[in-house]
Amino acid sequence: MGANEKFDCIVVGAGHAGCEAALAAARMGCRVLLTVINLDTLAAMPCSPSIGGTGKGQLVKEIDALGGAMGKIADRTAISFRTLNTRKGPAVQSTRTQNDKHSYSRAMSRLVALTPNITLRQTQVKRLVVEDSRIVGVEDAIGCGYAAPSVVLATGTFLSGIIHIGHNSFRAGRAGEFASYDLAESLKNLGFEMGRMKTGTPARLLRKSIDFSRCEQVEQDEAPSPFSLLTQKLDLPFLPSFMTHTNSRTHGIIRENLARSALYGGIVKGVSARYCPSLEDKVVRFSERERHSVILEPEGIESEEIYASGLGNSLPFEVQVELVHSVAGLEEAVIMRPAYAIEYDFLDPCQLLPTLETKAVRGLFCAGQINGTSGYEEAAAQGLWAGINAACQVQGRAPFVLDRSQAYSAVMVDDLVTRGTREPYRMFTSRAEYRLLLREDNADLRLAAIGHELGLVDRETLKDVTDRAAQANAEMARLEKAIIKPGPVVDALLAQRGEGPLAQPQPLSQILKRSGVDYKTASALSPPPEPLSPKAARQVEITIKYEGYIARQKKEVERFAAMEKKRLPKDFDYQKVAGLSLELREKLSRIRPASLGQASRVEGMTPSAIAALAVKLRQKDSLKS
Amino acid sequence: MFSDIDTIAAPATGPGPGAIGIIRISGPLSMSIASQIFKPFKPGVQIKPRKLIYGQIVEPGSGIVRDEVLLAFMPGPNSFTGEDVVEISAHGSRAAIGAILDLVFSLGARPAQPGEFTRRAFLSGRMDLAQAEAVADLIDASSSRAADMALSQMQGSLSRKVGQIREIVLSWLVRISAALDFGDDTGEFDEEAFFQSLSQQALPALDALLDASKSGQILREGIRVVLAGRPNVGKSSLLNAFLGKPRALVTPVSGTTRDCIEEKALVQGYGLVFTDTAGLGPSQDAVELLGMEKTREAINQCHLVLLVIDLAQGVLAEDEELFHQLKSKPLLVAANKSDLLGPDQDPKQPPQSMGKAPWIRVSALTGDNLDKLARSILSLVNEANALELSVAPNIRHRAALSRARNNLLSILTAKGGLPIELAAIEIQDAVNALGEITGQTADPDILDEVFSRFCIGK
């Protein structure tokens with residue numbers, strides 16, 4: 001082994017998880033080594049050139065509120081913004097950007113390279129060095145050793161990666177990049193249980209070969225609202241995406257060639273996500289659908305490549321050409337990069353603590369696809385979580401663990417470590433039981449103070465957030481006291497909004513609760529001494545309109561917190577609990593939930609099983625006292 | 001590996017002396033305890049699953065014989081509790097049962113807590129929560145109709161009905177979640193179908209169960225019948241006739257009954273709670289007046305009023321006056337003292353002023369027509385309350401059903417329509433509330449509450 005450089009934390013892999021982990025740990029004062037197999041593809045977008053989306057937008061806002069980088073870089077490199085679910089309520093609205101993927105990668109590279117305390121190095125880590133169940137460092141492929149008391153693995157699709165195009169398969173971490181087989185072996189040798197997953201990506205088409213006149217332009221927001229608190233202006237010009245559709249001919253081509261697909265020809269063993277189906281899946285599983293939408297997304301301003309979202313498949317190249325040509329607008333399209341499926345190893349996340357540290361090896365953390373997730377945002381949120389915890393551990397600080405009532409990222413981590421996952425895990429709003437409380441618009445109100453405490457959010461940013469909260473609170477108090485009397489002016493204004501007249505004097509807050517009335521209308525009836533910032537105004541509007549339901553969810557959170565407080569001792573013997581099935585005893589012994597609350601979320605748990613645990617726990621407590 | 005799970009034991013029959021008393025033992029040690037204290041009479045006989053064996057309880061060590069018993073062994077998981085269960089049928093004296101239990105406890109079992117056997121049955125998945133409650137109902141059932149209902153619930157009738165509603169509601173939760181997370185791919189959410197399904201499927205089903213719970217309460221607690229009428233028409237005699245024993249004092253003196261007397265009688269499989277009341281009429285006596293006040297209260301709470309008149313005296317103006325005061329309640333006229341009349345003197349129908357009120361001629365003295373009166377009482381109450389039930393939710397179920405109903409109503413009645421992310425909350429709450437009935441979504445506190453209703457040995 002060569003030179004033995006020493007660090008506080010080594011981050012293996014510089015994708016969306018690795019970059020956030022390295023940045024967080026470094027900014028918290030750790031000396032960080034960030035290793036990457038190919039420095040040119042740092043923070044790459046090997047699939048869709050976009051950030052955010054339903055549930056994912058919330059993650060990006062949370063990352064930003066905690067002081068992470070994804071939101072800032074996404075804003076800076078966005079070529080269009082879109083708010084999803086605008087016809088539904090604020091709790092389920094999410095931001096999504098289309099990004100210039102080359103700019104994104106370059107901007108993140110620059111940020112990482114210029115951040116003090118980070119050593120960025122192109123190399124391939126092949127072995128973890130563990131002594132007495134504790135990580136002490138890593139070794140790379142060129143014979144160098146690096147020592148550190150903490151290591152974050154953020155290996156993406158690189159662990160034992162295999163690409164499939166039809167029945168042609170080859171080892172790769174991504175198209176055109178080396179896979180990492182030795183590291184996967186090293187993990188197995190340490191006794192970790194590994195599984196196999198599959199994901200895929202559609203073809204990239206030559207822009208000038210597409211007939212956009214046969215496609216529709218996709219709507220975008222006229223007034224974009226950026227992800228990050230720090231974003232003052234948007235740098236890049238707008239670039240549109242277009243929509244077209246598959247048709248019966250496309251589906252026919254797929255059906256005829258199913259046996260030649262890697263997915264359906266029995267080549268792929270890994271589990272793919274049901275909610276992100278390949279075109280083969282869509283045609284087979286939703287055979288009644290006559291068409292599926294295809295979105296043509298630009299990969300960047302200076303790029304001639306177009307990402308054909310919705311056309312992902314693992315068919316042989318000549319079949320891909322045929323099926324692309326069957327789609328309206330793509331009759332003459334030239335494929336620049338073929339679609340492919342990729343299989344890779346992941347580590348069963350039930351082997352992790354809620355800090356994302358492995359239970360078996362102290363100081364070893366995992367983040368991103370290695371934990372069985374899918375998506376840049378999911379990866380980045382875990383990277384931040386793991387990076388913070390690595391730093392906390394090295395510095396002897398208390399672990400950083402949020403709970404399900406605080407953040408989407410906490411919902412994700414809790415789901416992963418408690419329930420594991422069989423298919424690539426994606427964030428959804430329906431995974432969060434308190435989604436009315438976990439909105440994009442209040443991510444900073446929820447988390448900026450925590451980010452500041454960690455040392456990742458500066459004082460001015462936090463002050464902006466607390467000032468806005470104070471402003472909104474003052475305004476809400478005022479609206480409750482401002483009594484509006486019935487009269488022609490009020491009734492005319494209400495009528496404009498499709499609302500009936502005022503029957504008796506009412507506080508403004510009550511009037512704002514009517515479905516047709518927004519804050520602008522309400523405040524016009526009795527303006528505040530100083531106009532509110534648009535963000536504060538929105539906060540007021542949402543809080544008042546949702547009041548009853550927010551209160552209900554807060555009550556549920558109290559019940560939830562009570563269950564989380566019932567701690568299960570580390571040495572709790574599940575074999576001795578009457579009324580638990582053998583299967584649950586083994587599962588609980590393996591997962592070792594920290595609380596009765598966490599235990600209740602273990603897959604297969606029933607209320608009777610929880611009752612059985614509660615009874616045993618009470619017996620234990622009464623024995624002690 | 002099961003050795004750390006407690007083995008519990010308790011008398012399974014009531015505390016009084018009886019010909020037979022049963023001791024139930026459940027848990028991993030049951031079989032080993034049984035084999036240490038039980039000696040079959042026939043040499044060489046082995047304890048076999050689900051076979052009654054005749055033998056003696058012998059104190060280990062001293063060899064003292066404690067009792068002659070029958071022993072049955074039900075191995076888990078196909079036993080009541082899902083664990084190994086031993087039941088010993090001994091002589092039912094406190095002393096005999098106590099001596100055997102002491103032996104059982106000395107060998108490692110501990111006394112069972114109230115409801116613990118049923119709780120274990122629930123915990124091991126042998127029954128759901130509604131079924132476990134039905135066990136208690138069946139034990140407490142005081143009429144055969146109440147027992148039928150408890151049995152049907154124990155066999156899962158209520159769980160199935162609630163389950164069906166929960167399925168409907170849950171399917172919408174799934175669709176709403178899909179619309180929220182994949183709005184762009186799954187197309188628009190079909191709000192019309194959603195409303196229709198809630199208002200025409202789920203809500204009527206909930207209402208039916210809520211109605212049933214009212215009737216179920218009547219079956220559990222008994223049909224309340226008030227005996228009303230002028231003083232000295234024979235109300236107390238009728239009560240005694242129904243009970244088949246002289247419970248109320250009967251004298252020729254008007255106003256003998258001053259306080260309300262409540263008694264339960266079993267009539268054709270139903271429990272009837274009769275309240276014999278002070279006669280309603282003009283009086284200056286302070287005690288009598290107080291009695292009349294209580295009578296009015298009993299009338300308010302009853303399911304049926306039995307207006308008793310004296311056939312020998314015929315219908316008096318006071319009877320008619322009383323009839324008009326009471327006619328808002330389901331009412332039957334019991335024309336008493338038929339024994340005093342010849343057949344030609346019999347006014348078969350009530351006078352015009354009493355409208356179409358059912359009129360039954362009876363004799364409390366001879367018991368004549370008492371059966372017919374009982375049948376009429378039942379059919380009249382049944383008309384108002386539909387007592388032919390397959391399910392009868394209890395108060396706890398009723399609270400959960402009402403919560404679910406309110407959740408659905410919030411969606412159906414919201415002005416301008418409830419945004420679907422809020423409808424999702426109502427739907428989730430409804431799913432949870434319905435799940436509480438069967439125990440699919442119940443926190444430990446609810447379980448404690450349910451099992452605290454049981455007594456020891458159940």
Side-chain angles (χ1 to χ4, degrees), chain A residues 53-55 84-85 87-94 275 292-293 295 310 426-431 433 435-436 498-500 514-516 545-546 548-549 552-553 556 559 562-563 566 573 575-582 585 596 600 606-619, chain B residues 1-8 27-28 77 81-83 116 119-125 127-129 132 173-174 176-185 188-189 410 414-422 424-426 428-429 432 435-436 438-448 451:
Chain A
T54 314
L84 307 175
N85 272 346
R87 270 178 293 173
K88 293 159 196 151
V92 289
Q93 287 177 9
S94 309
Y275 44 77
H292 296 280
S293 52
I295 314 283
R426 203 199 113 162
M427 199 71 250
F428 292 121
T429 69
S430 46
R431 295 199 195 268
E433 43 282 77
R435 70 176 151 211
L436 232 46
E499 290 282 333
R514 296 191 179 195
S515 59
K545 278 189 179 297
Y546 270 23
Y549 283 92
R552 257 163 82 171
Q553 291 226 312
E556 272 172 46
R559 271 201 293 272
M563 286 286 277
K566 292 184 182 151
D573 191 346
Q575 304 298 344
K576 295 184 182 176
V577 182
L580 273 190
S581 71
L582 214 59
R585 284 181 200 178
L596 215 50
S600 72
T606 57
S608 62
I610 282 298
L613 282 186
V615 168
K616 189 76 188 172
L617 197 59
R618 251 195 320 242
Q619 281 172 4
Chain B
M1 69 179 303
F2 291 94
S3 61
D4 287 288
I5 294 165
D6 294 343
T7 296
I8 54 174
T81 57
E83 304 169 332
E116 199 170 5
R119 180 190 278 261
R120 287 192 175 193
F122 169 71
L123 292 184
S124 66
M127 52 180 70
D128 69 32
L129 205 51
L173 185 61
V174 171
I176 290 176
S177 303
L180 290 175
D181 280 322
F182 303 99
D184 303 338
D185 303 329
E188 275 308 300
F189 179 68
S410 306
K415 250 194 190 166
L418 201 60
I420 78 165
E421 73 277 12
L422 300 185
I425 293 179
E426 300 288 1
Q428 178 73 65
D429 285 355
N432 290 349
E436 273 178 21
T438 50
Q440 278 160 298
T441 45
D443 63 54
D445 296 344
I446 292 179
L447 301 182
D448 279 349
F451 289 103

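First the proteins, then the strands, lettered A, B, ... as listed; each starts at 1.
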Residue part contacting chain B, namely of A/Arg435, when any heavy atom lies under 4.5 Å: side chain
Donor-acceptor under 3.5 Å (B/Asp181 side chain, A/Gly55 main chain): no
Whether B/Glu421 side chain and A/Val92 backbone form a donor-acceptor pair below 3.5 Å: no
Winner by heavy-atom pair count (cut-off under 4.5 Å) against chain A, out of B/Leu173, B/Asp429, B/Ile176, B/Asp128: B/Asp429
Rounded distance [0.5 Å steps], NZ in A/Lys88 versus CG in B/Leu422: 13.0 Å
Approximate separation, where rounding is to 0.5 Å, of A/Tyr549 OH and B/Leu418 CG: 4.0 Å
Under 4.5 Å from a heavy atom of chain A, the part of B/Glu426 involved: both
Between CG on residue A/Leu84 and CG on residue B/Leu180, distance to nearest 0.5 Å: 12.0 Å
Contact origin within A/Glu433 toward chain B - heavy atom pairs under 4.5 Å: neither
Heavy-atom pair with the smallest gap, counting every atom of A/Ala612 and B/Leu123: N-CD2, 4.0 Å
Heavy-atom proximity to chain B below 4.5 Å, by part of A/Thr429: both
